[in-house]
Amino acid sequence: MPAIKFRGVDFIQYDSLLTDEERLVRDTTRQFIEDNLIPIIEECNRAGRFPRELVKPMGELGFFGASLKGYGCAGMGNVEYGLMTQELERGDSGVRSFVSVQSGLCMYPIYEFGSDEQKETWLPAMQKGEKLGCFGLTEPDFGSNPGGMRTRARKVGNEYVINGEKMWITSGTIADVAIIWAKVEDEKDRVRGFLVATDRPGFKADDIHGKWSLRASVTSGLSLQDVRVPESNLLPKSGGLRSPLMCLNQARYGIAWGAVGAAMSCYDCALQYSLLRKQWRDQPIASHQLVQDKLTWMISEITKAQLLVLQVGRLKDAGKVEHQHISMAKRNNVWMALECARLSRDILGANGVADDYPIMRHLMNLESVKTYEGTHDVHSLIIGQSITGIDAF
Ligand SMILES: Cc1cc2nc3c(=O)[nH]c(=O)nc-3n(C[C@H](O)[C@H](O)[C@H](O)COP(=O)(O)OP(=O)(O)OC[C@H]3O[C@@H](n4cnc5c(N)ncnc54)[C@H](O)[C@@H]3O)c2cc1C
């Protein structure tokens with residue numbers, strides 16, 4: 001591995017906008033990633049292996065359900081939570097995805113829509129990483145429009161019987177519990193959430209192979225054929241499509257921060273490389289105006305993205321955030337990170353395509369991040385709807 005070590009990115013004394021606690025969370029996560037993920041991530045990415053050995057230590061550091069209160073959770077503020085996901089994704093989007101799913105898409109719905117018994121059963125164990133979750137919303141035929149879902153739940157006695165297929169489900173084959181979103185036949189097809197233990201008869205999960213993105217994260221297809229769950233496994237406070245969308249909002253918020261981390265990794269690597277690499281007259285390529293223009297574009301966009309998520313985080317802490325704010329942060333920051341990855345790859349020349357450097361991995365990962373949790377264009381429509389009042393879906 002070349003001697004390029006991440007140094008952080010702060011152009012406008014951004015750190016002065018953070019509290020001591022916020023900086024502590026960021027620095028602790030950064031150190032954890034530097035010590036534990038960076039040494040193994042390229043091997044994981046090549047092998048298509050999720051680094052499961054990091055689950056327990058991540059639980060011990062309080063990464064799971066970090067912004068929830070009680071049940072052993074860290075009770076972090078939203079900016080602390082965001083800085084944590086930023087640092088996780090500086091390491092790898094796949095590992096950040098795992099944490100986002102465990103926290104924002106699984107623990108959050110149990111916390112928000114679950115009964116006391118469900119919370120006591122799952123949250124402490126999930127916080128420690130002893131139990132893992134997955135979130136089944138997307139189906140083979142419905143992604144951007146989850147309202148079209150075909151998965152159905154039918155009440156039979158004191159059980160629900162669930163049938164359907166879910167696709168592109170992060171952590172599907174390693175999960176102990178799946179949050180399955182289904183239309184309930186006895187409730188005029190209202191969408192509701194169910195806790196489905198993955199060892200129930202009729203539940204099957206298979207990994208999706210051949211992915212060139214998020215290779216260090218498990219992605220699966222789920223099949224539910226007459227899966228029977230006790231009626232107590234219905235998330236009682238879930239109701240309508242609004243419930244899964246609330247979960248997605250949580251996860252999108254973390255993604256908006258995470259993308260800044262991926263961009264910072266690419267930019268800092270390209271900057272250091274450009275100062276070391278010499279081509280003409282024994283001068284570093286950083287001395288050329290065209291290279292400086294690319295670096296300038298990146299540091300400007302990263303700085304704007306940092307400020308955007310920080311303001312969204314402050315609004316979230318104040319209970320004033322709106323879903324369109326989170327859409328703007330997700331849409332802008334993931335696009336920005338992808339552009340940074342492409343420009344950084346370019347600055348590294350041929351070396352940019354090799355996994356001696358993290359850039360190509362980030363670039364490929366960010367293609368998924370652009371698509372999941374609402375595609376870039378779907379977020380355009382959400383923002384468009386909020387400013388015009390017109391639904392263009
Ligand atoms: C690695 C990975 C992990 C994932 N993890 C999960 C998970 O854990 N749980 C889960 O439920 N899902 C997960 N997903 C699924 C993800 O959320 C969906 O892929 C996403 O919602 C997009 O759906 P789709 O792929 O079906 O694309 P489509 O909805 O078919 O969209 C295809 C294209 O059409 C565009 N489009 C769609 N509708 C419109 C419109 N009205 N106007 C203009 N353009 C439009 C989209 O922007 C996109 O460009 C994951 C996906 C990936 C790649």
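Here the structure is a predicted model, which is why all the values come from computation and not from measurement. Read the numbers this way: they start at 1 and go in the same order the structure lists the ligands and their atoms.
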Sub-4.0 Å atoms of ligand 1 with respect to non-hydrogen atoms of Phe393: 41 (N)
Where's the contact between Leu214 and ligand 1, heavy-atom distance under 4.0 Å: side chain, backbone, both or neither? side chain
Any N/O pair Phe135/ligand 1 closer than 3.5 Å: yes
Under 3.5 Å side-chain donor-acceptor pair for Tyr273 and Asn351: yes
Minimum heavy-atom separation for Ser327 and His379, please, with both atom names. OG-ND1, 2.9 Å
Are there protein heavy-atom neighbours of atom 47 (O) of ligand 1 below 4.0 Å? yes
For Asn145, which part has a heavy atom under 4.0 Å from ligand 1: side chain, backbone, both, or neither? neither
Could you tell me whether atom 10 (C) of ligand 1 has a protein heavy atom closer than 4.0 Å? yes
State whether the shortest distance between N or O atoms of Thr170 and N or O atoms of ligand 1 falls below 3.5 angstrom. yes
Any carboxylate oxygen within less than 4.0 angstrom of a Lys/Arg side-chain nitrogen, looking at Lys204 and Asp206? yes
Ring of Trp335, cation from Arg331 - is the NZ or CZ under 6.0 Å from the centre and inside 45° of the axis? no
Compute whether any side-chain donor of one residue and acceptor of the other, for Ser103 and Tyr81, lie under 3.5 angstrom apart. no
Close N or O approach (Ser368, ligand 1; < 3.5 Å): no
With nothing but distance in play, are any N or O atoms of Lys211 less than 3.5 Å from an N or O of ligand 1? no
Thinking salt bridges, do Asp92 and Arg361 make one under a 4.0 Å N-O criterion? yes
Does the protein come close to atom 35 (C) of ligand 1 - that is, does one of its heavy atoms sit below 4.0 Å from that atom? no
Do you know which two heavy atoms are closest between Cys269 and Leu348, and how far apart they sit? SG-CD2, 4.3 Å
Is the shortest N/O to N/O distance between Tyr372 and ligand 1 below 3.5 Å? no
Validation row: Met84, Trp257 side chains within 4.5 angstrom (heavy atoms): no
Any protein heavy-atom neighbour for atom 30 (O) of ligand 1 (distance below 4.0 angstrom)? no
Close N or O approach (Thr138, ligand 1; < 3.5 Å): yes
